[in-house]
2 protein chains.
Amino acid sequence: MGEATIRDVARKAQVSVASVSRALNGLDHVSEQTRAKVAAAARDLGYVPHAGARSLSLARTNAIGVLLPDVHGEFFSEIVRGMDVEANRRGYLLLLANMHAGSAQAKAALQAMRGRVDALVVMAPHLDRAAISRALPQASRAVLINAPANVRSHSNIRIDNHAGVRAVIKHLKAIGRSRMVYVGGPSHNLDAQERAAAFASASSADERILASGDFSVESGNAAVRGLIEAGERFDAVFAANDMMAIGAIQALRAAGLRMPEDVAVAGFDDVPLAEHLELTTVRVRIAELGARALSRLITMLENGAAEPVSELHSPELVIRRSTVPNA
Amino acid sequence: MGEATIRDVARKAQVSVASVSRALNGLDHVSEQTRAKVAAAARDLGYVPHAGARSLSLARTNAIGVLLPDVHGEFFSEIVRGMDVEANRRGYLLLLANMHAGSAQAKAALQAMRGRVDALVVMAPHLDRAAISRALPQASRAVLINAPANVRSHSNIRIDNHAGVRAVIKHLKAIGRSRMVYVGGPSHNLDAQERAAAFASASSADERILASGDFSVESGNAAVRGLIEAGERFDAVFAANDMMAIGAIQALRAAGLRMPEDVAVAGFDDVPLAEHLELTTVRVRIAELGARALSRLITMLENGAAEPVSELHSPELVIRRSTVPNA
DNA sequence: TTGTAAGCGTTATCAC
DNA sequence: GTGATAACGCTTACAA
């Protein structure tokens, strides 16, 4: 697109490119007259600075790369929304890449970001420590979200999955449930692993039935439907995320079971929909997590690098009608 | 970040930067020996090309800017997912910007993209023709999604809202409903306007009750709850999008009304959740819409500009249990 | 086949 | 206060 460059503006304003740059960037040592001439010329030409050239010169892009796993649904949109708000507030742009496949594709996506962004936020619940250090340059400015706890090379913002799971189990027992179905997430996902481990250690074999899904609504539905058809008896379902809990609710409703009287249901994440479906769940404050990651990253960028820090976010149990009839 | 540059590679491989460039980009006229030396040096140094510099030189970024309104929830994530898949497939990156506020902020976001992207996809159901031509440089490569039909300056991919609404009304009448509540969307939103107009023209005053919301679940809930409390009688609710339909369902359930026996409910969009909630709705194929926009844009980029085209996507009625008890 | 050097659109360091 | 000019990291004629 043959857009006007700084040289065109300089020519039109009859000054040097240096003056145009100074004037447009509001620097000192520019006479009012020059400033006015430049402003007029820029306006007339519809001049818009070329961000690419600018960042090459400044060694600074004002953009942040975001690498996400292939997440569908509300979790994804919420976390991006949180990041977007914070990025916007602090004058950054977001460069998005989803890594659908394995760590090879993750690496490719990462490389494509070189020279386009100042830093990265990487959410990779399916990559282990080795894969991360293979893909992420050691010294690179990056914040991880939900990476394994043993990753120390970069800042890492994590959710306290154990605490969340314990809170749910405690709640279910408090309302008198003694036979709980746990619907786990995909085994290669770190959060799923941690939640499953927490569930295993906070419940005893005789009070639990294990099932598994892949974090999708349909898998939650299938898991619970399967148990019902198999004639299993239970009075609670705890799904490793809200989407599967929604599926579980459908399966229960289809089977004519009342909730929470016959079966109480709890999820994990507190996606926006959970409130509307009156689902008891663990509030992760997803958008806030994204905003926090971005905020930490930008602060790091602007104040010079600090030591990598690990942040553990304690989630909060939100009790709704899917486990307790009132409120 | 003191990363290695092409010059470092050249020095290490004992060749010129030109040879490095040629070798790494797989061009002809490079001896096997040089190619090997360069590859080794690049590997040793962990060299990753600087995309910013590359695109300045090539006048080509391999990135596409995406401007979206501040949409929450599944519609947003679906459309981005569709774009991401297509972008990925064709080797492009996505630069994301939400325009929360008005057309001034939209313009700022657009300008920030200059020199970072090769083209834009702009979804601006709240901007009219004037605002669009003010913000978008005439000649700029861009595809619009759901811009007003009278915009001819750029390609425009639209949903046939009229057809969708007519299909729903026809269906509701076919199943014997004669008093329909229509919950409209925000008045500044183009889709909301078109859907409302279509509803108005396809129904008569005695068979409709008009209510309004803002496309959020809560607003759909509030609208229907309000009507029930006001003692209104109706046997169908048609919400201008699925989120509000979900809210409507909650309100009905809270009031002890059966669905679809007492009140049939229909939405618009067919977000992924609609299937799981068994909501009759108008299938927009959101992800496909995003993919289509991107595909058109990239083809345009790679084959040289073509005339702007308007594409009208005919949505499809999907009948589920919220209006028909079986299937 | 290889290297030299100009250029992409900026900013920043100098002189003046 | 202003203007040349050398970077920034890359690609690509054009020479050799």
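Scope of the values below: all heavy atoms of this structure, side chains included, with no hydrogens, waters or symmetry mates. By convention in this document, chain letters (A, B, ...) are assigned in the order of the sequence lines, proteins followed by strands, and residues within each chain are numbered from 1.
Residue B:D28 contributes atom CG, which lies 8 Å from atom P of C:dT1 at whole-angstrom precision. What separates CD of B:Q14 from P of C:dT2 is a distance of 14 Å, to the nearest Å. Put simply, CZ on B:R116 is 13 Å from P on C:dT10, counting in whole angstrom units. The distance from atom CZ of B:R11 to atom P of C:dG3 is 14 Å, rounded to the nearest whole Å. Regarding B:Q33, its CD atom lies at a distance of 13 Å from the P atom of C:dT1, rounded to whole Å.
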Quiz prompt | Nucleic acid footprint by protein, nucleotides 9-16 of chain D - heavy-atom cut-off 4.0 Å, B for base, S for sugar-phosphate alone | solution = BBSB----
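Listed here is the closest heavy atom pair of A:A63 and B:R116: CB-NH1, 4.0 Å. Contact record, B:A142 with B:H154: O-CB, 3.8 Å, taken as the closest heavy-atom pair. For B:V20 against B:V15, the heavy-atom pair with the smallest separation is CG2-CG2, 3.8 Å.
Remark: the backbone N or O of A:P125 is not paired with any side-chain donor or acceptor of A:N189 at under 3.5 angstrom. A donor-acceptor distance shorter than 3.5 angstrom exists from the side chain of A:N25 to the backbone of A:S21, with no hydrogens or angles considered. A:N156 contributes a side-chain N or O that, together with a main-chain N or O of A:P148, makes up a donor-acceptor pair within less than 3.5 Å.
The side chain to side chain donor-acceptor pair (under 3.5 Å) search around A:R292 returns A:E311, not counting sequence neighbours. Every residue meeting the side chain to side chain donor-acceptor pair (under 3.5 Å) condition with A:E302, not counting sequence neighbours, appears here in chain and number order: A:Y92.
Pairs passing the side-chain hydrogen bond (donor to acceptor under 3.5 Å, both in side chains) check and including a residue from residues 32-44 of chain A, sequence neighbours excluded, read A:S31-A:T34.
Below 30°, between 30° and 60°, or above 60°: for B:H126 and B:H188 the angle between ring planes is above 60°, a perpendicular geometry.
Residues of residues 36-43 of chain A having a heavy atom closer than 4.0 Å to DNA chain D: none are found.
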Practice problem: Verify salt bridge (Lys or Arg N to Asp or Glu O under 4.0 Å) between A:R81 and A:D84, making sure each step is shown before the conclusion. | Solution: CA-CA 5 Å; A:R81 188 172 66 81; A:D84 179 73; over 6 Å; no
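Backbone-only engagement by B:T34 is indicated by non-hydrogen atom pairs under 4.0 Å involving sugar-phosphate atoms exclusively.
Remark on the helix from C:dT1-D:dA16 to C:dC16-D:dG1: inter-end axis angle 50°, axes from five-pair C1' superpositions, rounded to 10°.
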